[in-house]
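So the structure is just underneath, and the comments pick up after that.
Order of the sequence lines sets the chain letters (A, B, ...), proteins ahead of strands, with each chain counted from 1. Just so it is clear, the values below take in all heavy atoms, side chains as well, and ignore hydrogens, waters and symmetry mates.
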Amino acid sequence: MIGASRRGNLLLALAGLAVASMPLWTGAYHMQLASTALIAAMFALSLQLLVGGAGLVSLAHAGFFGLGAYTVYLLGPVSVLLSLPVAALTAAVAALGIGALSLRTTGFFFLMTTLAFGQMLFFLFHDTPLGGGLDGVFIQRPDLIWVVSKAQRPAVFLLLNLAVLAAMYAGLWLLMRTLFGHALLGIKANEHRMRAMGHDVQRLKLAAFVLAGALAGVAGHMAALTDAFVSPDLLGWHRSAEALLMILLGGIGALHGPILGAVALTLLEEFSPLITERQRLVEGLVILAAVLLLRRGLAGIAR
Amino acid sequence: MMEARGLSRRFGGLLAVADLSLTLRVGELHAVIGPNGAGKSTLVNLLAGELAPTQGTIWLDGADITDFSVGQRAKAGVGRTFQRTNLMLNMTVLENVRLAAQASCGGMLRRAARVQAPIVAAREALRRVGLDPTGDALARTLSHGQLRQLEIAMALAGQPRVLLLDEPLAGSGAEDAEPLVALMRKLSREHAVLLVEHDMDVVFAVADVITVMVDGRVLAHGMPAEIRASAAVRDAYLGHVVA
């Protein structure tokens with residue numbers, strides 16, 4: 001998996017600037033839509049570390065996203081400077097436990113094991129009073145560092161989400177260039193050979209799993225902060241599948257692929273109802289066409 | 001020096017390797033030959049740590065490494081190549097070898113392009129096998145013979161004392177064989193080399209010592225000239241091939 005080229009990163013930065021300027025030329029509704037897309041992009045990007053980075057397809061990932069979101073609910077109204085790291089840490093600890101067990105398996109069995117663990121997290125919030133019940137709950141937002149009026153919220157959250165996504169992308173871009181990142185790509189290409197050459201494959205995969213889980217927790221935290229609502233649905237396996245679709249649509253071999261895929265899918269979900277009531281059909285056809293026609297996903301068009 | 005003592009490996013009812021002992025010395029190329037199913041590949045996998053022996057012990061420079069995993073053996077100084085090309089085909093030639101050299105690196109969060117040791121080791125390994133001009137090419141664009149050389153470069157990049165070459169000429173034509181033969185001669189001066197190979201011309205051209213395996217057992221062991229002269233070996237193995 002490669003990060004965008006210099007030109008690609010420049011285009012991404014320009015797109016980021018365009019999003020950052022939205023408060024100047026658009027209203028609350030579209031800023032909220034953009035925030036939804038940015039959060040989906042964070043979530044898919046965190047999963048891309050596993051899929052594109054280490055060749056691990058996990059269905060537990062939404063569980064870590066949901067844990068991050070529910071941490072905000074469980075903490076109550078504290079400072080965002082506390083809730084954000086706690087959300088990341090909670091998700092990381094869960095990922096450490098789940099990863100240590102499920103990474104003993106590979107391929108199809110890994111997929112099924114992560115599905116099982118992900119659903120266990122889902123039912124933890126769905127079937128117990130811990131998370132406020134199966135219908136979800138409205139939450140009190142963590143305190144931002146300064147006071148934000150209700151009218152300012154969409155713009156402030158948009159910029160916050162953009163900043164978090166940008167930091168996440170930059171961090172992963174750098175990470176994939178380290179010895180660790182290169183080793184992950186080696187594992188994705190040929191796990192058996194990497195092990196035979198003396199790489200501690202198990203530890204490297206677990207490190208990636210924990211980091212990806214922590215980043216999913218950050219994405220979940222931003223979702224809870226933005227929407228002021230959490231529900232068990234956030235942890236469901238279909239959310240993981242959706243993120244996998246975003247990666248597939250955007251380009252499995254590119255670090256920025258999931259960002260493109262998440263934005264495309266969010267826009268598609270928003271605007272396909274304008275054309276037809278059967279929006280799932282439209283989405284399905286678009287994804288099918290993208291997979292069949294674009295071997296490198298949306299990220300491949302620009303190359 | 002690597003030593004196997006009384007090594008056995010059973011697969012269900014089949015005794016693939018039976019009470020086998022051999023010694024690999026630095027400066028010596030030790031060839032293992034035998035008909036298909038004699039247990040040669042099982043032997044390589046036992047020595048490399050890919051398989052655990054049912055009985056017996058394996059020693060490296062006086063230390064018992066029988067319980068070492070394949071990765072631990074690689075780090076301890078046992079390098080191997082694979083019979084079927086086993087590479088990262090979508091990566092560059094240099095990156096394949098660099099990853100092999102990186103296995104012993106700490107400080108995993110350093111920029112890969114700035115960590116010189118594995119890059120230097122990789123270039124050196126590529127130079128030794130004669131692949132240095134191809135470093136930036138994708139591995140999948142190499143010819144079959146070059147891929148076989150790359151296999152060896154990856155084993156060398158880990159700075160092994162013992163080299164296990166599992167049919168390095170597998171699938172090669174005559175034109176690929178010559179550089180590989182020259183390479184094996186060079187390698188055996190600095191490493192303890194075990195060679196499993198079907199091409200008898202190559203084996204007799206490069207081997208210092210030959211062990212003949214049949215049905216998992218050592219049928220004969222000796223200098224190439226002794227093996228060539230042995231009636232038992234001719235009957236059991238060479239006769240079928242030569243005739």
> Out of B/Arg98, B/Lys75, B/Arg110, B/Arg111, which one racks up the most heavy-atom pairs below 4.5 Å with chain A?
Replying inline: B/Arg110
> Looking at side-chain heavy atoms only, is the closest gap between B/Arg114 and A/Arg177 below 4.5 Å?
Replying inline: no
>> For B/Glu95, is there any backbone N or O sitting under 3.5 Å from a side-chain donor or acceptor partner on A/His182?
In response: no
>> Could you check whether atom CZ of A/Phe109 has more than 12 heavy atoms from other residues, nucleotides or ligands sitting under 6.0 Å from it?
In response: no
>> On a heavy-atom basis, which atom in B/Ala74 and which in A/Gly198 lie closest, and how many Å separate them?
In response: CB-N, 3.9 Å
>> Does any backbone or side-chain atom of B/Gln72 lie under 4.5 Å from a heavy atom of chain A? Answer side chain, backbone, both or neither.
In response: neither
> Which atom pair, heavy atoms only, marks the closest approach of B/Met88 to A/Gly186?
Replying inline: CG-O, 4.1 Å
> Are B/Glu50 and A/Arg195 within salt-bridge range, i.e. N to O under 4.0 Å?
Replying inline: no
>> Is there a side chain to side chain contact (heavy atoms under 4.5 Å, CB included) between A/Arg193 and B/Glu151? Walk through the geometry before answering.
In response: CA-CA 11 Å; A/Arg193 184 67 191 245; B/Glu151 271 284 336; 2.9 Å; yes
> If only atom types and distance count, is the side chain of A/Asn190 paired as donor or acceptor with the main-chain N or O of B/Leu87 below 3.5 Å?
Replying inline: yes
> Which atoms form the tightest heavy-atom contact between A/Leu175 and B/Leu109, and what is the distance?
Replying inline: CD1-CD2, 3.7 Å
> Would one find more than 12 heavy atoms of other residues, nucleotides or ligands at under 6.0 Å from atom CZ of B/Arg128?
Replying inline: yes
> Who among A/Leu179, A/Leu204, A/Val201, A/Leu174 has the most heavy-atom pairs with chain B under 4.5 Å?
Replying inline: A/Leu179
> Can you tell me how far the NE2 atom of A/His199 sits from the CG atom of B/Leu99, to the nearest 0.5 Å?
Replying inline: 5.5 Å
> Between atom CE of A/Met197 and atom CG of B/Asn86, what is the distance when rounded to the nearest 0.5 Å?
Replying inline: 9.0 Å
